[in-house]
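Just below is one structure, and these are the notes that go with it.
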Amino acid sequence: MNGPPNGRTGTLRLWEGMQNGQPTAERRARQRAMLIAASPEDPDFAELTELLLTARVAVAGEMHQRRPTPDPDRYFGKGKLEELKIEIAACDANVVVCDDELLPRQERNLETALGTPVIDRTAVILDIFADHAGSAEGKLQVELAQLEYNLARMRGLWQHLERLGGATGGGVATRGPGETQIETDRRLARNRIAALRRRLEDTKGTRATMRSERERAALPTVALAGYTNAGKSTLLNALTGSDVGVRDRLFHTLDPATRSFEISGRAYLLTDTVGFIRKLPHQLVEAFGATLEEALGADLLVHVADASAEEDELRAMLDAVEGVLDDTGAGERPRLLALNKVDLLDPELRRALSFRFPRAVQVSAETGEGLQELREGIEARFLATLRPMELLVPYAEGGRLSELHDVAGDMKREDTADGVLVHARVPTSAVARFERFAVNGSPE
Ligand SMILES: Nc1nc2c(ncn2[C@@H]2O[C@H](COP(=O)(O)OP(=O)(O)OP(=O)(O)O)[C@@H](O)[C@H]2O)c(=O)[nH]1
Ligand SMILES: [Mg+2]
């Protein structure tokens, strides 16, 4: 992984980026993390551990403070901080990772009190995204998210790094403290943010062109949405016979991949999307907003979930995904729940699941089980969105008929003196194109 030794990845990337336009490929030294969380309930460090594993950071220990809300200045209380300091030394951790997004102030105060670099969950996720971004657009989106995140954290950082001295590892701290430097950096960061926004706007334009081409083809679109590692890419491959990258790691897919497949002779487009996660950094939702909006504007969303997760865990993952869908304005799209990885469940658990989620389809992208039901489910949901139309297509416009044939359902045709009279059920997305042939209610 490309990353600096002190774990303040995003920040260092930013400075490196501003120095020479490109982040330098610096090897991450072996990091041993102490995980911390403050919450009224028992902590669950499993996901953070998984995230760190993906970021190739080892977990050395964990500490939880039970309290209604984190301390606004130091995250933990004073006494607990002392305990943490001792524990860090005891398990030889060299970075502290907080399961919440820290306020810049909390992060700074923690670092000062502990003498150890402190990063938060958001920084870890941003780091993984930066590592996994493949396309030019994906890279721009991640850089934008990182800059937004870092901008809030720049004030006073120079003096702070000075104070930490050796712990931060030379490079940055020697660049010289002082308000001027901070101001320069902030201005450069803002300029870069503006430039990135403009470039992302441009790519959005390109995507709109691609989309309108697709709309002309008017194939129904289906998007796979879901928690990271739920098996979306595996399912895309299983349904379309493609070979999109699949791995047992978080946020493997960042760029939406679209492939076509057929159900009962009708072609559909299926899009794989970036995975979601609890406390998904809002900077990422914003940066990926346009791509997500595009993908999630599909005729049908298939929400893919990992059914092998524990009951509470599954509920939490489903809620997190629904939350992001609402945030991105996709909350109202027609939806189908696909409970994936049922090959890992015994018959009793499967039965329990079918009681809990009677409308969901149980599938295994791995074994192919349930895929036929999923196809039928997709088709049924899609057909339900079709609008019945009666059209009179003049013989001169014969080409339109074959277009209609490609997209419509239940098509019945009858030759008349004026043209072909057609009864068909037309996808909502294609209604506008055929409206002018409508027999009832049309001025023509
Ligand atoms: N047992 C089992 N494993 C599965 C199934 N589907 C996917 N997996 C595994 O789950 C892991 C994640 O699969 P992906 O398809 O990469 O998941 P994803 O939802 O695309 O993940 P991100 O792109 O990271 O959001 C891989 O190790 C897959 O082999 C399934 O039906 N059964
Ligand atoms: Mg994927």
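Not measured: the values here are computed from a predicted model.
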query: Parallel, tilted or perpendicular: which fits the ring planes of Phe129 and Phe288, with parallel below 30° and perpendicular above 60°?
result: perpendicular
- prompt: Are Glu397 and Arg436 within salt-bridge range, i.e. N to O under 4.0 Å?
  reply: yes
- prompt: With a 4.0 Å cut-off, would you call Arg192 and Glu143 a salt bridge?
  reply: yes
query: Is it the case that Asp120 and Tyr149 place a side-chain donor and acceptor less than 3.5 Å from each other?
result: yes
field: Neighbour count >12 (heavy atoms, 6.0 Å) for atom CG, Asp312
entry: no
Ring centroid separation Tyr227 to Phe276 under 6.0 Å: no
- prompt: So, Asp100 and Tyr75: side-chain donor and acceptor under 3.5 Å apart, yes or no?
  reply: yes
- prompt: Could Glu148 and Arg190 be called an ion pair, given the rule that one side-chain N must be under 4.0 Å from one carboxylate O?
  reply: no
- prompt: Quick one: do Glu107 and Arg153 make a salt bridge, cutoff under 4.0 Å?
  reply: yes
query: Got a salt bridge between Arg335 and Glu322, using NZ or NE/NH1/NH2 to carboxylate O under 4.0 Å?
result: yes
query: Would you call the rings of Phe261 and Tyr268 parallel, tilted or perpendicular, where under 30° means parallel and over 60° means perpendicular?
result: tilted
field: Side chain Asp415, main chain Val420, donor-acceptor under 3.5 Å
entry: no
- prompt: Around Glu311, counting heavy atoms of other residues, nucleotides and ligands shown, do more than 12 lie under 6.0 Å from its CD?
  reply: no
query: With respect to Thr122, which candidate in His282, Glu101, Gln283 satisfies the side-chain hydrogen bond (donor to acceptor under 3.5 Å, both in side chains) definition?
result: Glu101
- prompt: Do Glu111 and Thr116 touch side chain to side chain, with heavy atoms closer than 4.5 Å?
  reply: no
query: Under 4.0 Å between a Lys/Arg side-chain N and an Asp/Glu carboxylate O for Arg400 and Glu403?
result: yes
field: Cationic N near anionic O, under 4.0 Å, Arg198 to Asp202
entry: no
- prompt: Taking atom types as modelled, is there a side-chain donor on Ser39 or His64 under 3.5 Å from an acceptor on the other?
  reply: yes
- prompt: Near Arg32 CZ, under 6.0 Å, is it more than 12 heavy atoms from other residues, nucleotides or ligands?
  reply: yes
message: Regarding Asp99 and Lys279, does a basic nitrogen lie under 4.0 Å from an acidic carboxylate oxygen?
response: yes
query: With a 4.0 Å cut-off, would you call Glu313 and Arg278 a salt bridge?
result: yes
- request: With side chain to side chain contact (heavy atoms under 4.5 Å, CB included) as the test, would you mind laying out the steps for Ile378 and Leu300 before giving the verdict?
  value: CA-CA 8 Å; Ile378 291 174; Leu300 176 68; 3.9 Å; yes
task: Run the salt-bridge test on Glu435 and Arg387 with the 4.0 Å N-O cut-off and return the result as yes or no.
output: yes
query: Would you say Asp299's side chain and Val222's backbone share a donor-acceptor pair under 3.5 angstrom?
result: no
query: Does a side-chain N-to-carboxylate-O contact under 4.0 Å join Lys232 and Asp272?
result: no
task: Assess the side chains of Thr367 and Asp343: does a donor N or O sit below 3.5 Å from an acceptor N or O?
output: no
message: When you compare the side chain of Val426 with that of Leu386, does any pair of heavy atoms fall below 4.5 Å?
response: no
query: Under 3.5 Å, is there a donor-acceptor pair between the side chain of His303 and the main chain of Leu337?
result: no
message: Under a 4.0 Å threshold between the charged nitrogen and the carboxylate oxygen, would Arg66 count as salt-bridged to Glu41?
response: no
- request: Would you tell me whether Ser364 and Glu369 have side-chain atoms, one donor and one acceptor, within less than 3.5 Å of each other?
  value: no
- prompt: In terms of side-chain geometry, is the basic nitrogen of Lys80 or Glu83 positioned less than 4.0 Å from the acidic oxygen of its partner?
  reply: yes
task: Look at the side chain of Asn237 and the backbone N and O of Val244, then say whether any donor-acceptor pair between them is shorter than 3.5 Å.
output: yes
message: Between Glu379 and Ser264, is there a side-chain donor-acceptor contact under 3.5 Å, judged purely by atom types and distance?
response: yes
- request: Could you tell me whether the side chain of Leu81 reaches within less than 4.5 Å of the side chain of Leu114, counting heavy atoms only?
  value: yes
